[in-house]
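Below is one structure, written out as structure tokens; the observations come after it.
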Amino acid sequence: MPTETAAGSQQDHQQQQQGPPASPPLPARHTPQTPGPRASRFQEVLGSSLSHTLGKISWDNFAACYPTVAAQAPAVLRAVQKQMVDRLGALCLKEFDSVLQARNVVAKLNELESLVSEAEQRRDEGGVGAEAPVPPHMLSADQILAAHLAPHLAQQQSQLNAKLQTVQVHNAKLFDDIQKQRSEMQSLMALLQKVFEDIDGANGQIDDIADDLARESRMVEAEMTES
């Protein structure tokens, strides 16, 4: 019987070590590995059941199976019986421990303990006149699907919100840079407009001077021609 259980646990362990699943699982609930009340009680039941089973291999029952050896060498038979009981108990405990670890029994019982505690707390917070929750088997397929997808969707929404905030901060920085560049462009345009105005003013003054110079040049030429 222990050999068959060991083979079954080894096959389950090999199946767990196979390739990764097609889609990543939802994040598991954090549960401490210290046995809780249910896990401790479960281990106590295993221990008491094993002790009760090994108690069936008592000296009287063992001696009844080997009456001749019990009559002629009782000390040797008692030693064999004690070694058999101790060895069988150690093997059973080892096999139980391997099954508990392979099936993650302690963590799952602790998770059940947390779920029961949360349910009791919600029931107490709801009060006596609160509406009773809908049993799981009465929920619709859409509600069950939404309940299973809620943690994954909440995680995705948190990531999207973080990305959105990053993009908003980046856009705000770009907007500030654009505003600064526009302000610099307006300053440059105002400076260019002032330069153009100065150039126009200088051209106007040059035009007036040019007319006077031309008039004086014609007068000098006329005097030189008369003389």
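Please read these numbers as outputs of a predicted model, since none were measured by experiment. These values consider heavy atoms only, across backbone and side chains, with no hydrogens, waters or symmetry-generated copies.
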Whether E118 side chain and L115 backbone form a donor-acceptor pair below 3.5 Å: no

Quick one: are F42 and L100 in side-chain contact, heavy atoms under 4.5 Å? yes

Rounded to the nearest 0.5 Å, what's the gap from NZ on K82 to CG on D86? Could you check? 4.0 Å

Between S117 and E113, is there a donor-acceptor pair closer than 3.5 Å when you use the side chain of the first and the backbone of the second? no

Report the distance from atom CD of E111 to atom CG of N104, rounding to the nearest 0.5 Å. 9.0 Å

Between E44 and R41, does any side-chain N to carboxylate O distance fall below 4.0 Å? yes

Can a salt bridge be assigned to the pair D198 and K194 using a cut-off of 4.0 Å between side-chain N and carboxylate O? no

Minimum heavy-atom separation for W59 and P74, please, with both atom names. CH2-O, 3.7 Å

Taking the side chain as every heavy atom from C-beta outward, state whether S98 and E95 have any atom pair closer than 4.5 Å. yes

Is L93 close to L50 at the side-chain level, that is, under 4.5 Å between some pair of heavy atoms? yes

Euclidean distance, L46 CG relative to S51 OG, rounded to 0.5 Å: 10.5 Å

Give a yes-or-no answer on whether the side chains of N61 and S58 include a donor-acceptor pair shorter than 3.5 Å. yes

When you check the gap from the basic side-chain N to the acidic O, do K173 and D177 get nearer than 4.0 Å? yes

Distance from L192 atom CG to M189 atom CE, nearest 0.5 Å? 6.5 Å

Rounded distance (nearest 0.5 Å) linking atom CG of L149 with atom CD of Q156: 11.0 Å

How about I57 and L88: do any of their side-chain heavy atoms sit closer than 4.5 Å? yes

Are the side chains of F62 and M84 in contact, using a 4.5 Å heavy-atom criterion? yes

Contact check, side chains of H148 and H152, non-hydrogen atoms, under 4.5 Å: no

Backbone N or O of V45 within a donor-acceptor pair of the S49 side chain at under 3.5 Å? yes

L139, L145: one ILVMFWY side-chain cluster at the under-4.5 Å cut-off? no

Indicate yes or no for a side-chain donor-acceptor contact from S183 to the backbone of Q179 under 3.5 Å, with no hydrogens or angles considered. no

Compare all side-chain heavy atoms of V80 with those of Y66 and state whether any distance is below 4.5 angstrom. no

Would you say N110's side chain and A39's backbone share a donor-acceptor pair under 3.5 angstrom? no

CZ/F196 to CG/L191 distance, rounded to the nearest 0.5 angstrom? 10.0 Å

Quick check: do Q81 and L77 have side-chain heavy atoms less than 4.5 Å from each other? no

